[in-house]
Amino acid sequence: MSTTESTDASGNNPETEPAAKPIIMTDPARELVELCEAVYTVIKPQTLGEVHLATMFGVEVWSKEFYQIIFTISERVDLLAKLIGELDLDEDFRADIQAHVRDILIAFTGPALRNHWEADGQIRVSPKNVQPLKAVSGLVRARIGYKKLSEDEVAEVLTQVSHLISWLQSHQISEQDFIRQALIDGLTQFRFRLEKVRWLGWGYALDSLREVIAAYVMLERTGVTPEVNPDAGAVMKLVGEFLKGVYERIQVAKGVYESGDFLLKVYGAGALWHQAKPALAGLIGSG
């Protein structure tokens, strides 16, 4: 006996169509938890903290990249402590959680880095400090939340930014060429953060786009006319499309921040955003 499969208006069979992948959200608290869990286990006993972390991050000990990573971890911890201080919690609860956050930070400072990881740093990134962050992650996410990128999405963004950097390196824009270099520097930093320190999260990489947006706004304000300066016009178009694509990846957090303001406000560039209008308002759909 034959059966007739039902189809929707587009001719597809809903029962056989693959289910859409669930959107996984994250936040600064969860990202710090994931960083702690990723670096917790020492590969070789009696390894100094600095060697252990450099190995985990894939950089040389005390190289420029190592300093960048350690400094940014400190910035991210400070951001999280500030966010926790703004949560609607009893004052003693807030203070206790902030103390756990500050203890985590010590794992990435001089004394712990120069000690054996399991004797100091590992203790500070252990569950005793991580569990309280898991408990407040949902509250932090209600204030700042964004989509967690899959490995495939990270790879796609890395490919896009590498192509854009290569293009910018081979095209000069006459009088505004210092702006082109600023774009290259900002995009290179974005790629480094996304590629080398994925445990710090997508939000950490977004932070580095402030320099890119600043350079974009500066170029727009020079009054670029594509017919007169086609290279500058192409830069505006390609960088604009890249920023729009990045924004669209975090736009799923509509319930948290609905406008393009999210991209900048979350990471301390709110003033820059207001200066950017109208250059970016139309670009990413924020009024």
Colleague: Below 4.0 angstrom, N of the basic side chain to O of the carboxylate: do Glu31 and Lys148 qualify?
Modeller: no
Colleague: Which is it for Leu89 and Ile97 under the side chain to side chain contact (heavy atoms under 4.5 Å, CB included) test, yes or no, and what are the steps along the way?
Modeller: CA-CA 10 Å; Leu89 295 171; Ile97 296 170; 4.1 Å; yes
Colleague: Walk me through whether Lys134 and Glu37 qualify under salt bridge (charged side-chain N to carboxylate O under 4.0 Å, His left out).
Modeller: CA-CA 12 Å; Lys134 290 183 177 181; Glu37 291 178 341; 3.1 Å; yes
Colleague: Salt bridge or not between Lys128 and Asp103? Use side-chain N to carboxylate O under 4.0 Å.
Modeller: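 Yes, charged N to carboxylate O under 4.0 Å.
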Colleague: Determine the minimum heavy-atom distance between Asp120 and Ala112, stating which atoms define it.
Modeller: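 Answer, listing the atom of Asp120 first, then Ala112: OD2-CA, 3.6 Å.
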Colleague: Identify the two heavy atoms, one from Gln122 and one from Thr41, that lie closest to each other, and give their separation to 0.1 Å.
Modeller: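 In terms of heavy atoms, the two residues are closest at NE2-CA, 4.0 Å.
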Colleague: Should Phe178 and Met218 be marked as a side chain to side chain contact (heavy atoms under 4.5 Å, CB included) after you check the CA-CA gap, both sets of side-chain angles, and the distance that decides it?
Modeller: CA-CA 10 Å; Phe178 71 97; Met218 193 182 302; 3.5 Å; yes
Colleague: Leu87, Val130: one ILVMFWY side-chain cluster at the under-4.5 Å cut-off?
Modeller: yes
Colleague: Tell me, do Ile184 and Gln169 make a side-chain contact under 4.5 Å, heavy atoms counted?
Modeller: yes
Colleague: In the structure I gave you, are the side-chain heavy atoms of Phe190 and Leu158 within less than 4.5 Å of one another anywhere?
Modeller: no
Colleague: Are Ile106 and Val101 connected, step by step, through hydrophobic side chains (Ile, Leu, Val, Met, Phe, Trp, Tyr) whose heavy atoms are closer than 4.5 Å?
Modeller: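 No, because Ile106 and Val101 fall into different hydrophobic clusters, even though each may have its own neighbours under 4.5 Å.
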Colleague: Does Glu50 offer a backbone N or O that forms a donor-acceptor pair with the side chain of Trp117 under 3.5 Å?
Modeller: no
Colleague: Would the number of heavy atoms belonging to other residues, nucleotides or ligands and lying under 6.0 Å from CG of Asp88 be above 12?
Modeller: no
Colleague: Regarding Arg191 and Ser162, do their side chains bring together a donor and an acceptor under 3.5 Å, going by distance alone?
Modeller: yes
Colleague: CD1/Ile70 to CH2/Trp62 distance, rounded to the nearest 0.5 angstrom?
Modeller: 6.5 Å
Colleague: Quick check on the 6.0 Å ring-centre criterion: do His171 and Trp167 meet it?
Modeller: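 Ring-ring flag for His171/Trp167: true, centres closer than 6.0 Å.
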Colleague: Taking all heavy atoms of Val39 and all of Phe108, pick out the closest pair and write down the distance.
Modeller: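 Closest approach of Val39 to Phe108, heavy atoms only: CG2-CZ, 4.4 Å.
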Colleague: What salt bridge (charged side-chain N to carboxylate O under 4.0 Å, His left out) pairs are there with at least one residue in residues 56-68, not counting sequence neighbours?
Modeller: none
Colleague: How long is the straight-line distance from NE2 of His100 back to CD1 of Ile84, given to the nearest 0.5 Å?
Modeller: 10.0 Å
Colleague: In the single-linkage hydrophobic clustering (I, L, V, M, F, W, Y; side-chain heavy atoms under 4.5 Å), do Leu53 and Leu48 co-cluster?
Modeller: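 Looking at the clustering, Leu48 is in the same group as Leu53.
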Colleague: Kindly say whether Pro45 contributes a backbone atom to a donor-acceptor pair with the side chain of Glu118 at under 3.5 angstrom?
Modeller: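 No; zero donor-acceptor contacts below 3.5 Å.
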Colleague: Below 4.5 Å, heavy atoms only, C-beta onward: do Asp96 and Pro132 meet side chain to side chain?
Modeller: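 No. Closest side-chain heavy atoms not under 4.5 Å.
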Colleague: With rounding to the nearest 0.5 angstrom, report the CG to CZ distance, Leu183 to Arg180.
Modeller: 9.5 Å
Colleague: Kindly compute the distance separating CG (Leu238) from CG (Leu243), expressed to the nearest 0.5 Å.
Modeller: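 With rounding to 0.5 Å, CG (Leu238) is 11.0 Å from CG (Leu243).
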Colleague: Taking Ser137 for its side chain and Leu133 for its backbone only, find out whether a donor-acceptor pair lies under 3.5 Å.
Modeller: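 Such a contact is absent between Ser137 side chain and Leu133 backbone.
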Colleague: Under a 3.5 Å distance rule, please check whether Thr72 uses its side chain to pair with a backbone N or O of Gln68 as donor and acceptor.
Modeller: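 It does hold such a pair.
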Colleague: Given the rule that I, L, V, M, F, W and Y join up when any side-chain heavy atoms are under 4.5 Å apart, are Val51 and Ile123 in one cluster?
Modeller: no
Colleague: Hydrophobic cluster membership, with links at side-chain heavy-atom distances under 4.5 Å among I/L/V/M/F/W/Y: are Phe66 and Val77 in one?
Modeller: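 Yes; tracing contacts between hydrophobic side chains, which count when under 4.5 Å, links both residues.
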Colleague: Between atom CG of Asn115 and atom NE2 of His52, what is the distance when rounded to the nearest 0.5 Å?
Modeller: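 So the gap between those two atoms works out to 13.0 Å.
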Colleague: Over all heavy atoms of both residues, which pair between Ile144 and Asp27 is shortest? Give the atoms and the distance, please.
Modeller: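 Looks like O-CB, 3.3 Å.
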Colleague: What are the two closest non-hydrogen atoms of Asn129 and Arg124, and how far apart are they?
Modeller: ND2-O, 2.8 Å
Colleague: Using every non-hydrogen atom in the two residues, find where Gln46 and His116 come nearest and quote the distance to one decimal.
Modeller: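 Closest approach of Gln46 to His116, heavy atoms only: OE1-CE1, 3.0 Å.
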Colleague: From the options Ile43, Thr47, Val61, select the one residue that forms a side chain to side chain contact (heavy atoms under 4.5 Å, CB included) with Thr55.
Modeller: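 The residue from Ile43, Thr47, Val61 that satisfies side chain to side chain contact (heavy atoms under 4.5 Å, CB included) with Thr55 turns out to be Ile43.
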Colleague: Is a donor from one side chain sitting under 3.5 angstrom from an acceptor on the other, for Asp185 and Gln181?
Modeller: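 Asp185 vs Gln181: donor-acceptor pair found between side chains.
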Colleague: Let me confirm one number: the CD-OG distance from Glu156 to Ser150, rounded to the nearest 0.5 Å.
Modeller: 8.5 Å
